[in-house]
Trainee: 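Below you'll find the structure I mean.
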Amino acid sequence: MGIQGLLPFLKKSSRNIQLSEFRGKVAAVDVYCWLHKGAFSCAEKLVKGEPTDGYIIYVMKQVNLLLSHNIKPILVFDGCHLPAKEVTELKRRENRVKNRRKAKELLREGKIKEARECFQRCVDITSTMAHEVIKACRARNIDTIVAPYEADSQLAFLNINGVADIVITEDSDLILFGCSKIIFKMDSNGCGVLVEKEKLHLSMNVPRDKFDFTKFRNMCILSGCDYLPSLHGIGLVKACRFFIVTSNPDVYTVSLSKVLNFVNM
DNA sequence: ATCTAGTCGTCAT
DNA sequence: CGACTAGAT
């Protein structure tokens with residue numbers, strides 16, 4: 001679930017853009033997002049195990065959109081699952097099985113439209129599908145990378161080290177990973193929302209020289225994240241208010257009573 | 001005003 | 001994954 005409500009919180013650090021602004025740049029792409037959207041168009045065939053290239057067509061359409069703006073794409077794929085997220089993965093698998101049963105049932109009853117919705121809910125992006133897209137890219141000389149684990153950190157690495165000027169994703173965690181420029185909600189017209197690291201202080205309501213990225217990251221962690229149970233009643237706004245006044249930027253050594261006292265709970 | 005937990009949409013005809 | 005929202009605090 002990442003950080004709840006991070007993108008709306010960062011409205012002052014965001015602006016609408018068009019891909020044409022990034023002519024000549026290199027973009028690292030979180031392909032999982034495109035794979036998932038593309039799989040929607042051919043969900044039933046994928047679940048039934050029937051051959052389809054619908055998702056490949058969609059990914060390549062997006063790739064062509066970047067190329068048409070003279071942007072060089074580097075497609076980053078997910079590698080191994082993180083052991084820390086195994087529980088989440090198991091729940092998702094369970095959900096898929098449930099929806100698959102329901103889809104087949106609806107199909108028998110002749111409720112085609114409702115069945116399709118269930119099929120779309122239980123699509124799984126397999127490594128075989130990823131490999132098909134990689135082959136399609138290789139045939140067209142498009143760079144692809146398979147990350148050791150989740151693509152997030154690989155995307156951030158490429159951006160921080162200057163290999164990629166921008167990152168294209170739907171995952172707000174990339175902001176915490178330290179990316180300088182991220183495009184969210186990119187549509188098929190090349191419009192999207194750009195979030196810049198250099199503008200993060202605007203959303204925290206502090207002057208640029210008072211902004212500390214570590215504080216920002218710890219503020220997000222305090223508001224609640226995937227990796228550990230979170231404090232009830234503390235969201236981004238309260239976490240932000242706390243970190244503006246505290247001199248200690250370390251979320252782990254700050255005393256709990258201090259936090260609770262500050263937000264008067 | 002803020003937080004939580006649940007539901008819905010992503011494609012494309 | 002996020003967006004949106006009803007409902008609780």
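In what follows, chains carry the letters A, B, and so on, assigned in the order in which the sequence lines appear, proteins first and then strands, with residues in each chain numbered from 1.
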Trainee: When you measure from the side-chain N and O atoms of A:K61 to the phosphate of B:dA12, is any distance below 4.0 Å, counting only OP1 and OP2?
Mentor: yes

Trainee: For C:dC1 and A:T169 - does any side-chain N or O of the residue sit under 4.0 Å from the phosphate oxygens OP1/OP2?
Mentor: no

Trainee: Anything under 3.5 Å between a protein N or O and an N or O of nucleotides 1-5 of chain B, put it in a table, one pair a line.
Mentor:
{"from": "B:dT2", "atom 1": "OP1", "to": "A:R241", "atom 2": "NH1", "distance (Å)": "3.4"}
{"from": "B:dC3", "atom 1": "OP1", "to": "A:G235", "atom 2": "N", "distance (Å)": "3.0"}
{"from": "B:dC3", "atom 1": "OP1", "to": "A:G235", "atom 2": "O", "distance (Å)": "3.4"}
{"from": "B:dC3", "atom 1": "OP1", "to": "A:V237", "atom 2": "N", "distance (Å)": "3.4"}
{"from": "B:dC3", "atom 1": "OP1", "to": "A:K238", "atom 2": "N", "distance (Å)": "3.0"}
{"from": "B:dT4", "atom 1": "OP1", "to": "A:G233", "atom 2": "N", "distance (Å)": "3.1"}
{"from": "B:dA5", "atom 1": "OP1", "to": "A:H232", "atom 2": "NE2", "distance (Å)": "3.3"}

Trainee: Rounding to a whole Å, what distance do you find between A:N99:CG and B:dG9:P?
Mentor: 14 Å

Trainee: Can you check the A:L6 CG to C:dC1 P distance for me, whole Å?
Mentor: 13 Å

Trainee: Could you tell me whether the phosphate oxygens of C:dC1, OP1 or OP2, come under 4.0 Å of any side-chain nitrogen or oxygen in A:R92?
Mentor: yes

Trainee: Side-chain donor-acceptor pair under 3.5 Å between A:K25 and A:N70, yes or no?
Mentor: no

Trainee: With a cut-off of 3.5 Å and sequence neighbours excluded, list every side-chain donor-acceptor pair involving residues 124-138 of chain A.
Mentor:
{"from": "A:T126", "atom 1": "OG1", "to": "A:M129", "atom 2": "N", "distance (Å)": "3.2"}
{"from": "A:E132", "atom 1": "OE2", "to": "A:K135", "atom 2": "NZ", "distance (Å)": "3.4"}

Trainee: Just checking, any donor-acceptor pair under 3.5 angstrom between side chains of A:N95 and A:R100?
Mentor: no

Trainee: Contact class for A:Y55 vs. all strands (heavy atom < 4.0 Å): base, sugar-phosphate, or nothing?
Mentor: nothing

Trainee: Do NZ/NE/NH1/NH2 and the carboxylate oxygens of A:K48 and A:E44 come within less than 4.0 Å?
Mentor: yes

Trainee: To the nearest angstrom, how far is A:E117 atom CD from B:dG9 atom P?
Mentor: 7 Å

